[in-house]
Amino acid sequence: MPELTHRRRLLVLAICCMSLLIVSLDNTVLNVALPSMREELHADVAGMQWVIDAYTVVLASLLMLAGSTADRIGRRKVFTAGLVLFTLGSVLCSLAPDLTSLVAFRTVQAVGGSMLNPVAMSIITNTFTEPRARARAIGVWGGVVGISMAAGPLVGGVLTDTVGWRSIFWINLPIGLLALFLTLRYVPESRAPRPRRVDPVGQLLVMTLLGCLTYAIIEAPVAGWTSPLILGFAGAAALALTGLLLYEPRRAEPLIDLRFFRSAPFSGATVIAVCSFAALGGFLFVNTLYLQDVRGLTALGAGLHMLPMAVLTLVCAPLSGRLVGSRGPRLPLLIAGGTMTAAGVLFAAFEAETSTPLLFTGYVLFGLGFGMVNAPITNTAVSGMPRAQAGVAAAVASTSRQIGQTLGVAVIGAVLASHTAGFVAASRQAWWVIAGCGLIVLLVGAATTTRLK
């Protein structure tokens, strides 16, 4: 990549952040609209889980391929294709006549989305080469997630209550088209000097593992945990995982280089990404249903209630980036794990949702924790790999996030669907799961970042 002026680098960062905005905004807007979708499309809890997880499963499955492909054929080419597909998928989702079509069109979005976040992070990594500048840029990148969380519930609530849930997909159109225009005009092409080869067997094993595991978790409450169907999908997931562990080390250039996981900081960042985003996915899913189904709020009312969490994420994400740049990832991870655990315990043990002050306290704690966790995850993952493989490095971090969100929605939804004592009693168990995820973030962060500066 040619040397860019400071102004041009900031413009490239802004363009990359636009792609993250539409992907992140899509998820937060979607969660607020779930009850309206469920009513119009006559779906159950599992159906709503598939609306979210069909996207995240496909996204997680293809991120590694998209990152390595971008390193090989050109990051701007893949990034541009991703913008086109994501925007097209958004239009198709807004026209979906039934649940099956909506789930199918969400996969189109996911194929496009897989070409955006890891490739954008690769572009940022190769644009901001100085460690402190990179950490600050990643902090801004993480702040965009906060913006999407702040704007998503409000925008989604207004659109759902006034125009209808289909309009939530329309907002991706102008942002996607503007990002496409700016990318073609201002983002320089770049590629790795020595990109990795395609690994079709590894790719197929990853897709089988994630797809079968997610299906087993989501459908088990209805089909039965010991039914032949569920056991068959769980067995297929186990076989795919075994195949990955046996096959990938034998390849010279595997899809997932297991040697990277010998590094404690890198492995820790992966575990933290999975657990923190599992907590986020479960948090958004259970809160959206609680606020609208139990408290009887409108979509806008639910969005306003979750605003404290979103604002804290927005404020803390760039602060976390600066802390990572000046003091390393340990402090932000300890803060993140501690506050996310406290939020989960507040709801699980002290019934925070029954008191509005406690409810908002829980939201503030969770938003603070989630705002702190993004920058150290990305910085550790990217710093642990050569710059030439930046696409793969960013894809590992992004894949971990999507796997976490997929599992969070699947597990929390399964807990809610399996409980026979009602939603409120089931949500207690769901909050203990979320608290456990926060505790893992705290412990793993403390154990794996002691030597990072």
Side-chain angles (χ1 to χ4, degrees), residues 23-24 26-63 86 89-90 92-114 156 160 165-166 168-169 206-225 227 229-230 232-234 236-237 240 277-278 280-289 292-293 299 399 401-419 423 426 430 433:
V23 173
S24 301
D26 195 71
N27 278 330
T28 53
V29 169
L30 182 64
N31 270 277
V32 175
L34 284 178
S36 297
M37 289 182 179
R38 181 183 58 192
E39 182 178 351
E40 180 176 331
L41 300 177
H42 308 291
D44 55 9
V45 172
M48 292 299 94
Q49 288 173 275
W50 278 120
V51 171
I52 298 174
D53 276 358
Y55 177 85
T56 54
V57 166
V58 173
L59 193 65
S61 299
L62 298 179
L63 283 171
F86 189 87
S90 299
L92 292 174
C93 286
S94 71
L95 302 174
D98 51 42
L99 180 64
T100 302
S101 299
L102 178 60
V103 170
F105 295 149
R106 287 281 287 166
T107 64
V108 176
Q109 274 190 308
V111 174
S114 70
T160 302
W165 65 264
R166 297 178 185 277
I168 65 175
F169 294 105
V206 168
M207 296 178 70
T208 302
L209 169 60
L210 296 179
C212 290
L213 179 61
T214 304
Y215 184 92
I217 296 174
I218 290 178
E219 298 298 333
V222 176
W225 290 95
S227 69
L229 178 67
I230 299 303
F233 274 92
F277 274 77
L280 174 67
F283 179 94
L284 293 176
F285 192 78
V286 72
N287 265 287
T288 296
L289 296 179
Q292 297 188 55
D293 290 352
T399 299
R401 290 181 173 93
Q402 296 303 325
I403 290 173
Q405 192 161 355
T406 299
L407 294 177
V409 173
V411 170
I412 295 301
V415 169
L416 297 177
S418 299
H419 212 288
F423 182 89
V433 174

Is the shortest side-chain heavy-atom distance between Asn31 and Ile52 below 4.5 Å? yes
Quick one: do Leu30 and Met37 satisfy side-chain contact (heavy atoms from CB on, under 4.5 Å)? Show the steps, please. CA-CA 9 Å; Leu30 182 64; Met37 289 182 179; 2.9 Å; yes
Check for a donor-acceptor pair, side chain of Ser101 on one end and backbone N or O of Pro97 on the other, with a separation under 3.5 Å. no
Under the side-chain contact (heavy atoms from CB on, under 4.5 Å) rule, what do Val45 and Phe285 come out as? Steps first, then yes or no, please. CA-CA 10 Å; Val45 172; Phe285 192 78; 4.1 Å; yes
When you compare the side chains of Glu219 and Trp50, does any donor N or O come within less than 3.5 Å of an acceptor on the partner? yes
For Val51 and Leu102, which heavy atoms make the closest approach, and how far apart are they? CG2-CD2, 4.0 Å
For the residue pair Val103 and Ala54, what are the closest heavy atoms and their distance? CG1-CB, 3.5 Å
Check for a donor-acceptor pair, side chain of Thr214 on one end and backbone N or O of Gly211 on the other, with a separation under 3.5 Å. no
Whether Phe86 and Tyr55 hold their rings parallel, tilted or perpendicular, with breakpoints at 30° and 60°: perpendicular
Residue pair Asp26, Arg106: steps toward the salt bridge (Lys or Arg N to Asp or Glu O under 4.0 Å) verdict: CA-CA 11 Å; Asp26 195 71; Arg106 287 281 287 166; 2.4 Å; yes
Cationic N near anionic O, under 4.0 Å, Arg38 to Asp293: yes
Check ring-ring contact (aromatic ring centres under 6.0 Å, His included) between Phe283 and all other residues, then give those that pass, not counting sequence neighbours. Tyr363, Phe366, Trp431
Nearest non-hydrogen partners of Ala43 and Leu99, listed with the distance: CB-CD2, 3.9 Å
Looking at residues at least two apart in the chain, or sitting in another chain, which of them share a side-chain contact (heavy atoms from CB on, under 4.5 Å) with Ala236? Cys212
List, one per line, each side-chain donor-acceptor pair under 3.5 Å for residues 404-413, sequence neighbours excluded.
| from | atom 1 | to | atom 2 | distance (Å) |
| --- | --- | --- | --- | --- |
| Thr406 | OG1 | Thr56 | OG1 | 2.6 |
| Thr406 | OG1 | Gln402 | O | 2.8 |

